[in-house]
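Take a look at the structure below.
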Amino acid sequence: MVATRLKTFVRPFCVSARVDKTFTKWYQSLWEQKQNEPPYDHIVQVGDPVLRQQAKPIPEGELQSAEVRFLVKHLTKVMRTYKCVGLAAPQIGLSLRAFVMEFRDEVRDQYSKADYANRQMETLPLTVFLNPELKVLNYEKVLHAEGCESVRGYRADVPRYREVLITGYDGEGARRELKLHGWNARIAQHEMDHLNGTIYTDIMERKSFTCSCWQVVNAHQGRLKLSFASK
């Protein structure tokens, strides 16, 4: 079974169903072709149970498999389609411990020079982590506005650690570690939260929770539709 022939995963919700199976058989069952099943081309929204699960680790023996390479490729595609800076596997319907991050230089144009510097933003090339673990290096917390494509249309101020170390495996199944600070550390913490069933609304400053397009809603007298597709 090769990745080019595989279109979708079956959402791995029922762990008890795999008790009497070998991992190989269970893992292959994820690739049965079913219509409208994960991995989605859209990003799931808060309320979907997959966002509240503790994502399952990918066994080391499968880290270099065609299936996992397909997963990484699909995560990257959806992240770029939605023009976001990070995406975790649960956000496309898969309860697996994997995420991708990317902060392109052209994103700089969306911020003033002062904001870019204040938030400690810097370019981050495409970064893949499988079975990641996070260690806090600087326990000082920084408060900045943050959004999430799984809570589309809203944002809030969220406290995050200033510096972290991520260890795990890259998209080729090789061991890696990466020290991150500032905004890129924030992205990594956000994605790690998704793998642990946490959404930023759980830790946000509640009074800062805001509809990101409230001015447009007023300007159009409420006649505004929020799309959950990329276009």
Side-chain angles (χ1 to χ4, degrees), residues 1-19 21-102 126-134 148-152 166 168-173 187-200 202 228-230:
M1 186 176 292
V2 295
T4 54
R5 296 175 56 193
L6 304 176
K7 296 181 179 179
T8 56
F9 281 98
V10 175
R11 185 196 303 257
F13 278 160
C14 185
V15 179
S16 61
R18 38 180 290 222
V19 171
K21 294 182 178 181
T22 65
F23 173 80
T24 301
K25 290 181 179 179
W26 170 78
Y27 201 78
Q28 288 175 347
S29 74
L30 300 182
W31 293 87
E32 295 173 5
Q33 294 188 9
K34 292 188 177 182
Q35 196 170 17
N36 197 32
E37 290 285 353
Y40 295 127
D41 289 324
H42 67 273
I43 296 176
V44 303
Q45 295 299 304
V46 60
D48 189 317
V50 73
L51 291 176
R52 291 304 191 180
Q53 293 181 339
Q54 186 82 14
K56 302 300 183 293
I58 301 169
E60 290 189 20
E62 302 295 330
L63 290 171
Q64 296 180 339
S65 67
E67 289 85 356
V68 171
R69 287 197 298 272
F70 178 85
L71 167 60
V72 170
K73 182 178 180 180
H74 195 76
L75 267 174
T76 303
K77 183 189 78 170
V78 176
M79 176 183 68
R80 289 174 173 172
T81 298
Y82 275 77
K83 298 180 180 179
C84 49
V85 295
L87 196 67
Q91 292 183 277
I92 56 172
L94 298 175
S95 188
L96 295 171
R97 299 191 74 80
F99 70 76
V100 294
M101 304 183 295
E102 185 176 45
L126 178 63
T127 302
V128 177
F129 269 104
L130 309 174
N131 294 346
E133 296 180 3
L134 182 147
C148 178
E149 285 294 335
S150 288
V151 191
R152 200 162 206 206
I166 306 292
Y169 298 87
D170 64 16
E172 301 299 321
I187 296 171
Q189 290 171 77
H190 183 112
E191 303 310 328
M192 282 295 299
D193 277 356
H194 277 304
L195 303 187
N196 296 323
T198 298
I199 301 174
Y200 82 88
D202 300 335
F228 294 98
S230 59

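One is the number of the first residue; the rest follow in order along the sequence. Not measured: the values here are computed from a predicted model.
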Return the [atom1] to [atom2] distance between [X] and [Y], rounded to the nearest 0.5 Å.
X	Y	atom1	atom2	result
Thr76	Glu102	OG1	CD	7.5 Å
Gln53	Asp48	CD	CG	8.5 Å
Ile166	Glu191	CD1	CD	10.5 Å
Met79	Met101	CE	CE	9.5 Å
Leu63	Leu130	CG	CG	6.0 Å

Do [X] and [Y] have side-chain heavy atoms sitting under 4.5 Å apart?
X	Y	answer
Tyr200	Asp193	no
Asn196	Arg97	yes
Leu71	Ile92	yes
Tyr82	Arg152	yes
Phe228	Gln45	yes
Arg80	Val100	no
Cys148	His194	yes
Val50	Gln91	no

Do you know which two heavy atoms are closest between [X] and [Y], and how far apart they sit?
X	Y	value
Leu94	Pro38	CD2-CB, 3.7 Å
Val44	Gly93	CG1-N, 4.1 Å
Pro57	Asn131	CA-OD1, 3.4 Å
Pro90	Leu51	O-CD2, 4.0 Å
Phe99	Ala88	CB-CA, 3.8 Å
Ser150	Ile43	OG-CG2, 3.4 Å

Q. So Thr198 and Met192, side-chain contact (heavy atoms from CB on, under 4.5 Å) or not? Walk me through it.
A. CA-CA 9 Å; Thr198 298; Met192 282 295 299; over 6 Å; no
Q. Distance-only, no hydrogens or angles: does the Arg69 side chain make a donor-acceptor pair with backbone N or O of Glu172 under 3.5 Å?
A. no
Q) Checking His42 side chain against Val78 main chain: does a donor-acceptor pair fall under 3.5 Å? A) no
Q. Has Glu133 got more than 12 heavy atoms of other residues, nucleotides or ligands less than 6.0 Å from its CD?
A.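 At most 12 heavy atoms, drawn from other residues, nucleotides or ligands, come within 6.0 Å of this atom.
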Q: Evaluate the side-chain contact (heavy atoms from CB on, under 4.5 Å) criterion for residues Ile58 and Glu67: first the C-alpha distance (whole Å), next the side-chain angles of each, then the deciding distance (0.1 Å), finally the verdict.
A: CA-CA 11 Å; Ile58 301 169; Glu67 289 85 356; over 6 Å; no
